[in-house]
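These figures come from a predicted structure and were not determined experimentally. Each chain gets a letter, A, B and so on, in the order the sequences are listed, and its residues count up from 1.
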Amino acid sequence: MELPELETFSERVYWVVAQVPSGAVASYGQIAHLAGAPRAARAVGTLMRRSKENGHEDVPWQRIINSKGAIAFKGDTLRAEHQVRLLVAEGVVFDDYSCDMDTFEWSPDHAYWAVEW
DNA sequence: GTGATGACACAAT
DNA sequence: AATTGTGCCATCA
C-alpha cells in the first residue's frame with residue numbers, strides 16, 4: 001500500500017487506524033505517534049469517539065484501546081461491552097474489559113512508518 | 001483569539 | 001492495586 005499525503009492530523013489518524021488488522025489492537029498513544037504527533041493520545045481518543053459523525057464509519061475504532069490494554073471508557077458500560085464484543089469476535093481475548101498487550105498489540109512492520117508526515 | 005473539554009499517558013502516592 | 005496529580009494537544013464553542 002502507499003503512504004497517502006494527508007493534510008490534517010485527523011485524516012492521518014483515521015488512515016493509521018485503518019491499517020490496524022483484525023485480531024489486533026493498538027493504543028491511543030501508538031496511533032498518535034504513527035500519525036506524527038507523539039503526545040496527542042488524548043486527541044486520538046476524541047477522534048475515535050467522533051469517527052462516525054466525521055464520516056469515517058468504516059474505520060476500526062474498536063481496535064484502539066488504552067496503553068494498559070483496557071477499554072478506555074469504563075463509565076459507559078453499554079459502549080464498553082459493545083467494543084469488547086467486537087474485539088472478541090475478531091479473536092482478541094478479553095478478561096474484565098482488558099486484554100494482554102504483549103500478545104495482541106499491533107506491530108507495524110513497514111519501513112515507511114519512519115517517514116515524517 | 002481564547003478557554004473548556006476529553007474513548008490518554010505516566011509518575012507519584 | 002487503585003487513585004490522584006500533571007502534562008498534553010487537537011477540537012469545539
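The local environment of NE2 in A/His56 is crowded, with over 12 non-hydrogen atoms from other residues, nucleotides or ligands closer than 6.0 Å.
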Which pairs, protein N/O on one side and nucleotides 3-5 of chain C N/O on the other, fall under 3.5 Å?
none

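A donor-acceptor pair under 3.5 Å is formed between the side chain of A/Gln30 and the backbone N or O of A/Trp106. In this structure, A/Tyr28 contributes its side chain and A/Met48 its backbone to no donor-acceptor pair below 3.5 Å.
Counting non-hydrogen atoms under 4.0 angstrom, A/Tyr28 reaches a base of the nucleic acid.
Here A/Arg50 does not reach the OP1 or OP2 of C/dA10: none of its side-chain N or O atoms lies under 4.0 Å away.
Of the residues listed (A/Val93, A/Val25, A/Val84, A/Ile71), the one engaging A/Cys99 in a side chain to side chain contact (heavy atoms under 4.5 Å, CB included) is A/Val25, and it is the only one.
We find the OG1-OH distance between A/Thr77 and A/Tyr97 to be 5.5 Å, quoted to the nearest 0.5 Å. Rounding to the nearest 0.5 Å gives a distance of 8.5 Å between CD of A/Glu11 and CG of A/Asn54. For the atom pair CD of A/Gln62 and CZ of A/Arg79, the computed distance is 11.0 Å after rounding to the nearest 0.5 Å.
Atom CD in A/Gln30 sits roughly 10 Å away from atom P in B/dA9 (whole-Å rounding). The distance between atom CD1 of A/Ile31 and atom P of B/dG6, rounded to the nearest whole Å, is 22 Å. Going from atom CG of A/Asn54 over to atom C1' of C/dA10 covers 12 Å, rounded to whole Å. The interatomic distance linking A/Asn66 (CG) with B/dG6 (C1') rounds to 14 Å, in whole Å. In this structure, the OH atom of A/Tyr97 is 17 Å from the P atom of B/dA7, given to the nearest Å. Rounded to a whole Å, the CD atom of A/Glu53 is 13 Å from the P atom of C/dT11. B/dC8 atom P lies 13 Å from atom CE of A/Met101, rounded to whole Å.
Using a 4.0 Å cut-off on heavy atoms, none of the residues of residues 78-95 of chain A approach DNA chain C. Taken residue by residue, residues 38-49 of chain A places heavy atoms nearer than 4.0 Å to DNA chain C at A/Arg39, A/Ala40, A/Arg42, A/Ala43.
At a threshold of 4.5 Å between non-hydrogen side-chain atoms, the residues A/Ile31 and A/Val20 count as touching.
Cluster annotation: A/Trp61 is connected to A/Tyr14 through the hydrophobic network of ILVMFWY side chains, with a link wherever side-chain heavy atoms come within less than 4.5 Å.
The minimum heavy-atom distance between A/Met101 and A/Gly69, with the atom names listed, is CG-CA, 3.5 Å. Of all heavy-atom pairs between A/Ala40 and A/Phe9, the closest is CB-CZ, 3.8 Å.
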